[in-house]
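See below for the structure under consideration.
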Amino acid sequence: TINLHSGTIAGGAAAGAGIFLDGGKNNAITIDAGVTVSALSGLAIKGTDGVDQNNVARVIGNTMIANAGTIFGDVDLGAGVGGLNNQATGIFTTGQAVNLGSGTMTSAGRIDLGGINNIVTTALTGSFVQGQTGVLAVDAVFGGKSDVLAATGTATAVGRIGADLA
């Protein structure tokens, strides 16, 4: 279990991650309001399934993230049942990949695909549920490319779409 109450977590370049969890059957990450997690590599949070000396997975990790703060970048939680609960005060600016295994990203806060004026397709491995207070922020270029959230599971959005018209 990782509980972040204040400050900034900034990972390095190349394969660096803001938060890196190696193994563990059931993991939890809590990011409080006022906390920012990012990495120069673009990989904000990485959770592995844990492997032995022969690179064989021994435990499939299930990692849950409760975000009331700010996350910038990709999230990769491995092959287990991951989850990201973006709470009402949470801001998640995605990169190109959000891998939750067979889990779900739920949001009562703000999900910003790629950030403002950065058109991306964010590949979500898992499902997406946006609640009444949630905002899905996208760059929209009429007659051109726009942000896309491509989920392998189901997607349900009942909140708002915030469009940045480029």
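- Remark: side-chain polar atoms of Ser127 are paired, donor with acceptor, to backbone N or O of Thr154 under 3.5 angstrom.
- Side-chain atoms of Ser41 never come within 3.5 Å of backbone atoms of Ala15 as a donor-acceptor pair (strictly under, hydrogens ignored).
- Follow the hydrophobic side-chain contacts under 4.5 Å out from Ile29 and you never reach Phe72; the two are in separate clusters.
- The closest side-chain heavy-atom distance from Ile65 to Ile19 is not below 4.5 Å.
- At distances below 3.5 Å, at least one donor-acceptor pair connects side-chain atoms of Asp74 with backbone N or O atoms of Gln96.
- Considering every non-hydrogen atom in both Asp76 and Asn99, the closest pair reads OD1-ND2, 2.9 Å.
- Once rounded to the nearest 0.5 Å, the distance linking OG1 of Thr48 with CG of Leu21 reads 8.0 Å.
- Val75 has its side chain within reach of Phe92: a pair of non-hydrogen atoms, C-beta onward, lies under 4.5 Å apart.
- Among Val138, Leu149, Thr94, Val135, the single residue meeting the side chain to side chain contact (heavy atoms under 4.5 Å, CB included) criterion with Ile111 is Thr94.
- Looking at every heavy atom in both residues, Leu43 comes nearest to Ala39 through O-CB, 3.3 Å.
- Across every non-hydrogen atom of Val81 and Met64, the tightest pair is O-SD, 4.2 Å.
- The OG1 atom of Thr1 sits 6.5 Å away from the CG atom of Asn3 when rounded to the nearest 0.5 Å.
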When you look at Ile31 and Ile45, which way does the side-chain contact (heavy atoms from CB on, under 4.5 Å) test go after all the steps?
CA-CA 11 Å; Ile31 302 168; Ile45 302 172; 4.2 Å; yes

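- Side-chain contact of Thr93 with Asp112: a donor-acceptor pair under 3.5 Å is absent, judged by distance alone.
- Within the 4.5 Å cutoff, the side chain of Thr122 has no heavy atoms near those of the Asp147 side chain.
- In this structure, OG in Ser38 is found 9.5 Å from CD1 in Ile9, a value given to the nearest 0.5 Å.
- The CZ atom of Phe142 sits 5.0 Å away from the CG atom of Leu165 when rounded to the nearest 0.5 Å.
- Shown here for Ala17 and Lys46, the closest heavy-atom pair between the two residues is CB-CB, 4.1 Å.
- Between Lys145 and Ile119 the shortest heavy-atom distance is O-CD1, 3.2 Å.
- Residues Leu113 and Leu136 are in side-chain contact: their nearest non-hydrogen atoms beyond the backbone lie under 4.5 Å apart.
- In this structure, the side chain of Thr63 does not engage the main chain of Asn27 through any donor-acceptor pair within 3.5 Å.
- If you chain together hydrophobic residues whose side chains sit under 4.5 Å apart, Ile2 and Ile71 fall into the same group.
- The distance from the OG1 atom of Thr106 to the CD atom of Gln130 is 10.5 Å, given to the nearest 0.5 Å.
- Among all heavy-atom pairs drawn from Leu4 and Val37, the shortest one is CD1-CG2, 4.0 Å.
- With hydrogens and angles ignored, the 3.5 Å screen pairs no side-chain donor or acceptor of Thr125 with any backbone N or O of Gly101.
- Between the Thr133 side chain and the Ala108 main chain, a donor and an acceptor come within less than 3.5 Å of each other.
- Between the side chain of Asn85 and the backbone N or O of Ala66, no donor-acceptor pair lies under 3.5 Å.
- Once rounded to the nearest 0.5 Å, the distance linking CG of Asn67 with OG of Ser107 reads 9.0 Å.
- Side-chain atoms of Asn86 come within 3.5 Å of backbone N or O of Arg110 as a donor-acceptor pair.
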